[in-house]
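Heads up: the structure comes next, in structure tokens.
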Amino acid sequence: MFLPLIIGNWKLHGNKKIIKSYFTDLCSKLKLMNLHVEIAIAPPMVYLELAMRYLNQNITLCAQNVDTNISGAFTGETSIRMLKDIGVKYVIIGHSERRLYHKESNHNIAKKFALIKEASLIPVLCIGENEQEYAIGQSEYICHQQLDSIINFVGIESFYDSIIAYEPIWAIGTGRHANPLQVQKIHQSIRYHIARYDENVAKQLRIQYGGSVNEENISQFLRQSDVSGALIGSACLKTDTFINIIKNTEAIKK
Ligand code: 13P
């Protein structure tokens, strides 16, 4: 059985001073708690190593992205070997902000997924529908399609010990979170979809929810049987709020 996994995605925020005080504060407060929650933080790439200096065994590091190449003439990129070299455990791929602003295709994301698995790190694959698709009832269809494109490239076995994050685009950064019962329905349909390929893979799959999660609503999501954690954006940036999210996660006994 996996512990619930809470990942804080910093996106494009922070500086050296903030990273230092955030991690010092977070680690000292978490040290006092006997945690049954796994916590990972995804600061901007340039601060990963700095963050690593402050971590204790309660927290692991997550990268927000990785390149499709291992090494070579690819100016500005970061490879999976580099992430592994500095001690990263999780790598977010397919985030809607990267799909939208950096034109990342499913094929690109599939290549990243394969590289992360080859390096024995853990992909956190983001999927989810946009507002229009949501309005016409296509949420499940879109998630299945995004999954199929990865499965067809990497094979279903690669989903062992991998994470899916369902993040409806219309709920990201809007303060308008998805209905927890609706989230359960989508997560269940994701699991059923994976089970069509392989039931054992489906059973162990961890599926996180992301999109305007905060200290008030986290419990409603985690009470759902197919929600194994959360991917948190703006609410992870303040230690007190993030710690309340962790405490509320801890309080849910499934
Ligand atoms: P918010 O929690 O700010 O809506 O962001 C969610 C997200 O995109 C996490 O990856």
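Both ligands and their constituent atoms are indexed starting at 1 by order of listing.
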Quick one: does Ile93's side chain get under 4.5 Å of Gln64's, heavy atoms only? no
Can you tell me if Lys84 uses its side chain to pair, donor with acceptor, with the backbone of Leu121 under 3.5 Å? no
Considering only NZ, NE, NH1 and NH2 on the basic side and carboxylate oxygens on the acidic side, decide whether Asp226 and Lys185 come within less than 4.0 Å. no
Distance filter under 4.0 Å to Asn9 heavy atoms, resulting ligand 1 atoms: 9 (C), 10 (O)
What part of Leu231, side chain from CB on, backbone N/CA/C/O, both or neither, has a heavy atom under 4.0 Å from ligand 1? both
Glu129 versus Tyr166, side-chain donor and acceptor atoms under 3.5 Å: yes
Non-hydrogen atoms of Ser212 versus ligand 1: any pair closer than 4.0 Å? yes
Considering distance alone, does some N or O of Thr174 sit under 3.5 Å from an N or O of ligand 1? no
So which protein heavy atom does atom 7 (C) of ligand 1 come closest to, and at what separation? Glu167 OE2, 3.1 Å
At less than 4.0 angstrom from any non-hydrogen atom of Lys11, what atoms of ligand 1 do you find? 5 (O), 6 (C), 7 (C), 8 (O)
If the cut-off is 4.0 Å to any non-hydrogen atom of Gly233, which atoms of ligand 1 fall inside it? 1 (P), 2 (O), 3 (O), 5 (O), 6 (C), 9 (C)
Check for me whether the distance between the ring centres of Phe221 and His177 falls short of 6.0 Å. yes
Do any heavy atoms of Ala235 fall under 4.0 Å from ligand 1? no
Near Glu199 CD, under 6.0 Å, is it more than 12 heavy atoms from other residues, nucleotides or ligands? no
Kindly assign one of parallel, tilted or perpendicular to the pair Phe153 and His107, based on the angle between their ring planes and the thresholds 30° and 60°. perpendicular
Numbered atoms and elements of ligand 1 in range of Ser234, under 4.0 angstrom, heavy atoms: 1 (P), 2 (O), 3 (O)
